[in-house]
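Structure, as C-alpha cells:
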Amino acid sequence: EVQLVESGGGLVKAGGSLRLSCAASGFTFDDYAIGWFRQAPGKEREGVSCISSSDGSTYYEDSVKGRFTISSDNAKKTVYLQMNSLQPEDTAVYSCAAAPSASCSDSHYRGSWYDYWGQGTQVTVSS
C-alpha cells in the first residue's frame, strides 16, 4: 500500500520556523520526484517545492525562495521541508505528493503530475 505521511505542522509565530516531514512507503522511492503543495482556506492549491530523486535538484515557488529548503533522506524514504521566516500568508495545509519521474519536470507545480498524495498537515502562522 502506497503511503505518504506528513508530520511537523503546528502553530508558530511570524518569523518562526517549522520542519515538515513526508515519510513514504509502498513504492520505489528512488524513482519518484516528491513535491510539497499547500492550500490556504478559500485559495487554490499551489506547488511550493519539488526535489528530484535522480540528482537532488530542487525547485521553489517564488514566494518561498530563500526561506524554505527541501531535502531528502533516501535511506529513510523521507522528504523534509524546512520553513524559516514564516509569515501569516504561509498559513495553509501542506501536503506532499509523489510523481512517477526521477526528476522534477516543468510540470512539478501541477497537482495533476503527481500520482500519490498525503493527507496533509496544518501550518498556522500567527502575526
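Other residues, nucleotides and ligands place more than 12 heavy atoms under 6.0 Å from the CG atom of Asp55. Other residues, nucleotides and ligands contribute over 12 non-hydrogen atoms within 6.0 Å of the CD atom of Gln87.
Ser103 and Ser54 share a side-chain donor-acceptor pair at under 3.5 Å.
In this structure, the side chain of Ser52 engages the main chain of Cys104 through a donor-acceptor pair within 3.5 Å. Of the possible donor and acceptor atoms, one in the side chain of Thr91 sits under 3.5 Å from a partner among the backbone N and O of Val125. With hydrogens and angles ignored, the 3.5 Å screen pairs a side-chain donor or acceptor of Ser53 with a backbone N or O of Ala102.
In this structure, the separation between CD1 on Ile34 and OH on Tyr116 is 11.0 Å, given to the nearest 0.5 Å. To the nearest 0.5 Å, atoms CD1 (Ile51) and SG (Cys96) are separated by 12.5 Å. The CG atom of Asn84 lies 6.5 Å from the OG1 atom of Thr69; values are rounded to the nearest 0.5 Å. Going from atom CG of Leu11 over to atom CD of Gln122 covers 9.5 Å, rounded to the nearest 0.5 Å. The distance from the OG1 atom of Thr121 to the CG atom of Leu81 is 11.0 Å, given to the nearest 0.5 Å. To the nearest 0.5 Å, atom OG of residue Ser49 and atom CG of residue Leu20 are 11.0 Å apart.
Of all heavy-atom pairs between Ala40 and Ala92, the closest is N-CB, 3.7 Å. Considering every non-hydrogen atom in both Thr78 and Ser21, the closest pair reads CG2-CB, 4.2 Å.
Side-chain contact between Val2 and Trp117 is absent, with no heavy atoms from C-beta onward closer than 4.5 Å. Within the 4.5 Å cutoff, the side chain of Ser25 has no heavy atoms near those of the Lys77 side chain. Annotation: side chain of Arg38 is in contact with side chain of Val64 (closest heavy-atom distance under 4.5 Å). No side-chain heavy atom of Cys22 sits under 4.5 Å from any side-chain heavy atom of Tyr94. Using a 4.5 Å cut-off on side-chain heavy atoms (C-beta onward), Phe29 and Val79 make contact.
Partner of His108 under the ring pair (Phe, Tyr, Trp, His ring centres under 6.0 Å) criterion, chosen from Tyr60, Trp113, Tyr59, Phe37: Tyr59. When each of Cys50, Ser107, Pro100 is tested with Tyr114 by the rule side-chain contact (heavy atoms from CB on, under 4.5 Å), just one qualifies, namely Cys50.
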Worked verdict on Phe27 versus Asp115 for side chain to side chain contact (heavy atoms under 4.5 Å, CB included): CA-CA 11 Å; Phe27 61 95; Asp115 279 357; over 6 Å; no

Using side chain to side chain contact (heavy atoms under 4.5 Å, CB included), reason through Val123 and Met83 one step at a time and then give a plain yes or no. CA-CA 10 Å; Val123 171; Met83 306 186 295; 3.8 Å; yes

Given Glu6 and Trp36, is the side chain to side chain contact (heavy atoms under 4.5 Å, CB included) satisfied, shown in steps? CA-CA 10 Å; Glu6 301 95 337; Trp36 281 98; 3.9 Å; yes

